[in-house]
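These notes concern the structure reproduced below.
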Amino acid sequence: MRRILVTSALPYANGQIHLGHLVETIQTDIWVRFQKLKGHECLYFCADDTHGTPVMIRARQEGISPETLVERIHAEHLSDFQGFHIGFDNYYTTNSPENRLLSEEVYLNNRQAGNIRVSTVRQAYCEWDQMFLPDRFIRGNCPTCGAEDQYGDACEVCSGSHSPLDLKNPRCSLCGDTPVERDSEHYFFRLTAFETFLKEWIRSGAVQPEMANKLDEWFEAGLQDWDISRDGPYFGFEIPDAPGKYFYVWLDAPIGYMASCWEWCKRHGRDFDAIWRRDDLMEVYHFIGKDILYFHTLFWPATLRGAGFRTPTAVYTHGFLTVNGQKMSKSRGTFITARRYLELLDPEYLRYYYAAKLTARVDDLDLNLDDFILRVNSDLVGKVVNIASRSAGFIHKRFAGRLAENYPHDDGLHDQFVAAGEEIAAHYDAREFSKAMRAIMNLADLANRFVEAKAPWNLAKDPAKSDELRDTCTVAINLFRILMIYLQPVLPQLAEKCRDFLQLPPFGWESRLQPLYGQTIREFAHMMARVDPKKVESLVETVAPVVPPAFAAKPVVAKPATPAAAPVASPSVVTPSPAPPLGEPLDIETFGQVDLRVAKILAAEPVDGADKLLRLTLDVGELGHKTVFAGIRAAYAPETLPGRLTVLVANLKPRKMRFGVSEGMVLAAGSGGDQLFLLTPDLGAAPGMRIR
RNA sequence: GGCGGGGUAGCUCAGUUGGUUAGAGCUGCGGAUUCAUAAUCCGUGUGUCGGCGGUUCAAGUCCGCCCCUCGCUACCA
């Protein structure tokens, strides 16, 4: 028996679980369930990643403590994952006593070993917010190309990277003030001391070949020591003997894997040290996305090594999720949260679809929604479940639900199915799930062909062939049972229904060896509904058409209310919207297709169940009244709007939304959130006038 | 700009160290069947293997250039 510890990357406690996260947790969960089915010990740990500036700022915005925020998000995340049958042995949090102790130990051991140094770093500091600003919280003009309103670290226009201190006209994205430069002592982890070790570790097969190549690039460029401290205020753990200094969130995040394990060990009477302080008892695997390769294959093994802990056996990296071939996007409606999916569709559809496309490589995975519907319906309902569905009826109608008394002659089909288990297991173990699914579906085809050849519906017409009829159905049900064992890691719920149907104890991988006969089975009940295309459609319905799509995902943060003497935030102190690249040239005819009208706002009211929307009733002159949903609630109080004029896109196709039909959109400038500014025509314009 | 990954049938993807007429599943189309959730079974693919050029007896598979796309570009994550 193997002893295996597995993790998925910790989701950040600022934001909802979406279908991208689920590529990883489903991949990991399938692998874990497979190992358990094989009879190995396999422990699966995860947690919320809770620390850092974004969580701190968001809590401040919501007027609650970071701890409260983090607890709420933890409950949401856990329930989302459970909805997808993710079988964690423990889903913990990095904001825990175990994580604090372990982080301190990792740090102190490294300090003891001479792996920590202190240097002075010059950084942007906001005097208003009284904090050092992370690069992402500074905006200004790109020092290279001059593009306006770029992040502190990189320019989206010329895609160059730069230091936030080089930005022209820098501003704090929290309050809009100009930051000052200030020195601060920072603690660094000497990553450079671990180059030899890391190269050996990587060569030991710890990462996939293509990731090893990527790491070689980084080695060639030269490793740099790692800044592991941040100045307060910072939501995180204070560094021992360094008042006001906190561990950078990425230092304690992966330690959260260990903390989750430790907390579980305490509840189950297991020896934490035997798992993490020696490497000969358990295998340790991390499943991650390629965006966090750096942390998991350089910093993480090095900090563990430097602190005297074991290092991971391997880190398995997967690619990103695309939806219909494109990056997930809120404006296209393809930024689909786990919760939204669960409101509409069976989680096992997605588990199967992902499994059907996952490989051991780092390729991106495309969720093509049309393909999704066809694939799931065809494979799962049409092929697999159908085998049981078409056989069980006879067993009940003719034999009172009792299978043949002995396992019938089947031309070696059962043996063939059992033998295929070797190859399928090898695919699962190698994380080649798509190959495993292909192999299983080939078996399902064989089973259907067997039924076809025996034609039980003809046997049923001849009373003399009663035994043959029962034999045929018994074989078919046996084949179905083996398929469900093979599919259990992917479809735990369906496998459960199958066990109930066949009145069987829990499956093990080897239970496929023993055929089923001489017993009664339950009446067949539907096990899985077909995918409803309408539900898939509503999955991608967009919710807030007015927010300019390109900016919807940008952090928009309100000015903090804390400093007492602060001036009231005025509209002149704003975070200017980023300057997006110029759009494609447009001829005037195309532009002319857009029917812009002056509209008078007659009424504006909040929409129940939507926190960003206002329902506007507009007077558009001879076009009559129109109802428009606008995502401007954060920027405008409803009572301030009636009576004012604005601009309506009048011939926009009506959009069915959860709350009603939106018959156009009003135009606004700005980056979204509370940074939105409605357009107003000059004096003299009247409702209904065409704008051109 | 530099580096790297992709670009193969309508869709999703396989294609080993270059070698017979480039494959699978799904869809579509034709037929069969009716036990089954209009499921199943049989039959059916003339694709410029992104483009151009080169090496070779032979290239999707090697080399060069170009196009499209995604990503990385170090104290950002």
Side-chain angles (χ1 to χ4, degrees), chain A residues 12 52 54 119 121 123 134-138 144 151-154 158-164 186 188-189 191 210-211 213-214 216-229 248-250 253 289-295 298-299 319-320 322 324-327 353 356-357 359 361-395 397-398 434-435 437-438 441-442 444-445 447-461 469 472-473 476 524-530:
Chain A
Y12 196 54
S119 297
V121 171
Q123 272 195 300
D135 296 353
R136 286 269 145 168
F137 284 81
I138 306 169
T144 313
Y151 284 123
D153 54 348
C158 69
S159 59
S161 55
H162 48 253
S163 159
H186 275 240
F188 286 80
F189 173 73
L191 183 65
E210 60 264 50
M211 292 297 97
N213 293 340
K214 185 74 203 169
D216 280 341
E217 278 181 41
W218 283 330
F219 285 129
E220 263 176 55
L223 296 179
Q224 300 288 319
D225 289 343
W226 182 35
D227 186 352
I228 57 166
S229 71
Y248 175 45
V249 55
W250 263 108
K290 60 186 181 183
D291 52 326
I292 53 176
L293 182 74
Y294 208 89
F295 297 97
L298 295 179
F299 299 148
F320 294 143
T322 54
N324 290 336
Q326 292 181 297
K327 210 184 276 193
Y353 190 74
K357 303 191 82 168
T359 70
R361 283 170 292 128
V362 195
D363 309 327
D364 290 351
L365 189 157
D366 185 43
L367 169 59
N368 180 293
L369 292 170
D370 294 329
D371 186 50
F372 169 79
I373 297 167
L374 295 173
R375 191 77 177 257
V376 170
N377 286 346
S378 167
D379 286 0
L380 260 25
V381 182
K383 286 183 179 175
V384 176
V385 177
N386 185 234
I387 298 164
S389 170
R390 67 194 309 199
S391 317
F394 292 113
I395 292 288
K397 270 179 266 174
R398 299 287 295 273
S434 66
K435 289 182 180 162
M437 295 308 105
R438 190 72 268 131
M441 289 310 138
N442 285 341
D445 286 341
N448 274 310
R449 257 174 254 158
F450 167 80
V451 175
E452 199 70 23
K454 294 288 185 181
W457 52 95
N458 288 335
L459 299 175
K461 291 170 188 160
L469 173 62
T472 297
C473 295
F524 181 81
H526 272 213
M527 290 185 180
M528 177 172 271
R530 310 177 75 77

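Every chain is numbered from 1, with letters handed out A, B, ... down the list of sequences.
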Just name whichever nucleotide pairs with U16(B), Watson-Crick or G-U, keeping both distances under 3.5 Å, else none. none

For a quick check of understanding: with a heavy-atom distance under 4.0 Å over all strands, which category does Gly222(A) fall into, base, sugar-phosphate or nothing? base

Is the backbone N or O of Ile387(A) less than 3.5 Å from a side-chain atom of Ser391(A), with the two atoms forming a donor-acceptor pair by type? yes

What's the gap between A22(B) and G47(B) when it is taken at their C1' atoms, as a whole Å value? 9 Å

Looking only at U12(B), C72(B), U37(B), the nucleotide nearest the Asp366(A) side chain is U12(B)

Could you work out the separation of U12(B) and U27(B) based on their C1' atoms and round it to a whole Å? 11 Å

Between C72(B), C70(B), U34(B), which one does the side chain of Lys461(A) approach most closely? U34(B)

Contact class for Gly382(A) vs. all strands (heavy atom < 4.0 Å): base, sugar-phosphate, or nothing? sugar-phosphate

Nearest-Å distance for atom pair CG/C1', residues Asn368(A) and C26(B): 11 Å

With C1' as the reference atom in both, quote the distance from U17(B) to A58(B) in angstrom, rounded to an integer. 16 Å

Whole-Å gap separating P (A24(B)) and CG (Asp445(A)): 13 Å

Protein-nucleotide distance (Phe320(A), atom CZ; C72(B), atom P), rounded to Å: 6 Å

Under 4.0 Å from OP1 or OP2 of C42(B): is there any side-chain N or O of Arg449(A) that close? yes

Polar side-chain atom of Asp363(A) near backbone of Gly319(A) as donor-acceptor pair, under 3.5 Å: no

Check the distance between G5(B)'s P and Leu293(A)'s CG and give it to me in whole angstrom. 15 Å

Pairing partner of G4(B), by Watson-Crick or G-U wobble and under 3.5 Å for both distances, is C70(B)

Below 30° counts as parallel, above 60° as perpendicular, anything between as tilted: where do the rings of Phe295(A) and Trp250(A) land? parallel

So, His186(A) and C75(B): ring centres less than 5.5 Å apart, planes less than 30° off, yes or no? no

Gap between atoms CG and C1', on Asp371(A) and A24(B) respectively (whole Å): 14 Å

Closest to the side chain of Arg438(A), out of A24(B), C72(B), U12(B), is A24(B)

Is any side-chain heavy atom of Lys357(A) closer than 4.5 Å to one of Leu367(A)? no

Go nucleotide by nucleotide along RNA chain B from the 5' end; which of Ser378(A) and Ala529(A) gets its closest nucleotide reached first? Ser378(A)

Taking any heavy-atom pair under 4.0 Å as a contact, classify Asn448(A): base, sugar-phosphate, or nothing. sugar-phosphate

Residue matched to U46(B) through Watson-Crick or wobble contacts both under 3.5 angstrom: none

Lys357(A) has its side chain closest, among G71(B), C13(B), C26(B), to C13(B)

Can you tell me the base-pairing partner of C75(B)? Count Watson-Crick or G-U wobble geometry only, both distances below 3.5 Å, and say none if there is no partner. none

Using the P atom as the reference point in each nucleotide, state the distance between U8(B) and G60(B) in Å, no decimals. 15 Å

Base-pairing mate for A32(B) - Watson-Crick or G-U, with both contacts under 3.5 Å: U40(B)

If you look at every strand shown and take non-hydrogen atoms under 4.0 Å, does Val121(A) touch a base, only sugar-phosphate, or nothing? nothing

Using only side-chain N and O atoms of Lys290(A), determine if any of them is under 4.0 Å from OP1 or OP2 of C70(B). no

Nearest-angstrom distance, P atom, C49(B) to G10(B): 13 Å

Could you check which of U40(B), C76(B), A74(B) has an atom nearest any side-chain atom of Tyr294(A)? A74(B)

Asn458(A) CG to U34(B) C1': how many Å, rounded? 10 Å

Using 30° and 60° as the class limits, which term best fits the ring planes of Trp226(A) and Phe299(A): parallel, tilted or perpendicular? parallel

Report the nucleotide, chosen from A24(B), U40(B), C76(B), that has the shortest atom-to-atom distance to any side-chain atom of Glu452(A). U40(B)

Arg375(A) CZ - G10(B) C1' separation (whole Å): 15 Å

Give one of base, sugar-phosphate or nothing for Lys383(A), where a contact means two heavy atoms less than 4.0 Å apart. sugar-phosphate

Distance check: side-chain N/O of Arg530(A) vs OP1/OP2 of A39(B), anything under 4.0 Å? yes

Identified pairing partner of G60(B), criterion: Watson-Crick or G-U wobble below 3.5 Å: none

Is the distance from OP1 or OP2 of A14(B) to the nearest side-chain N or O of Arg361(A) less than 4.0 Å? yes

Looking only at atom types and distance, does a side-chain atom of Asp227(A) sit under 3.5 Å from a main-chain N or O of Ser229(A), one as donor and one as acceptor? yes

Counting side-chain heavy atoms from C-beta on, which of G71(B), A74(B), C35(B) comes nearest to Gln224(A)? A74(B)

Met441(A) CE to U40(B) P: how many Å, rounded? 12 Å

Picking from C26(B), A36(B), U37(B), which would you name as closest to the side chain of Asn386(A)? A36(B)

Checking contacts here: which listed nucleotide (G25(B), C75(B), C35(B)) is nearest the side-chain heavy atoms of Asp227(A)? C75(B)

Rounded distance in Å between the P positions of C75(B) and U56(B): 48 Å

To the side chain of Asp135(A), which of C76(B), A36(B), U37(B) is closest? C76(B)

Name the residue closer to the 5' end of RNA chain B, choosing between Val385(A) and Leu365(A) according to the nucleotide with the nearest heavy atom. Leu365(A)

Measure from the side-chain N and O atoms of Asn386(A) to the backbone N and O of Val381(A), and report whether any donor-acceptor pair falls under 3.5 Å. no

G45(B) and C3(B): how far apart are their P atoms, nearest whole angstrom? 45 Å

Any strand, both distances under 3.5 Å, Watson-Crick or G-U wobble: C26(B) pairs with G10(B)

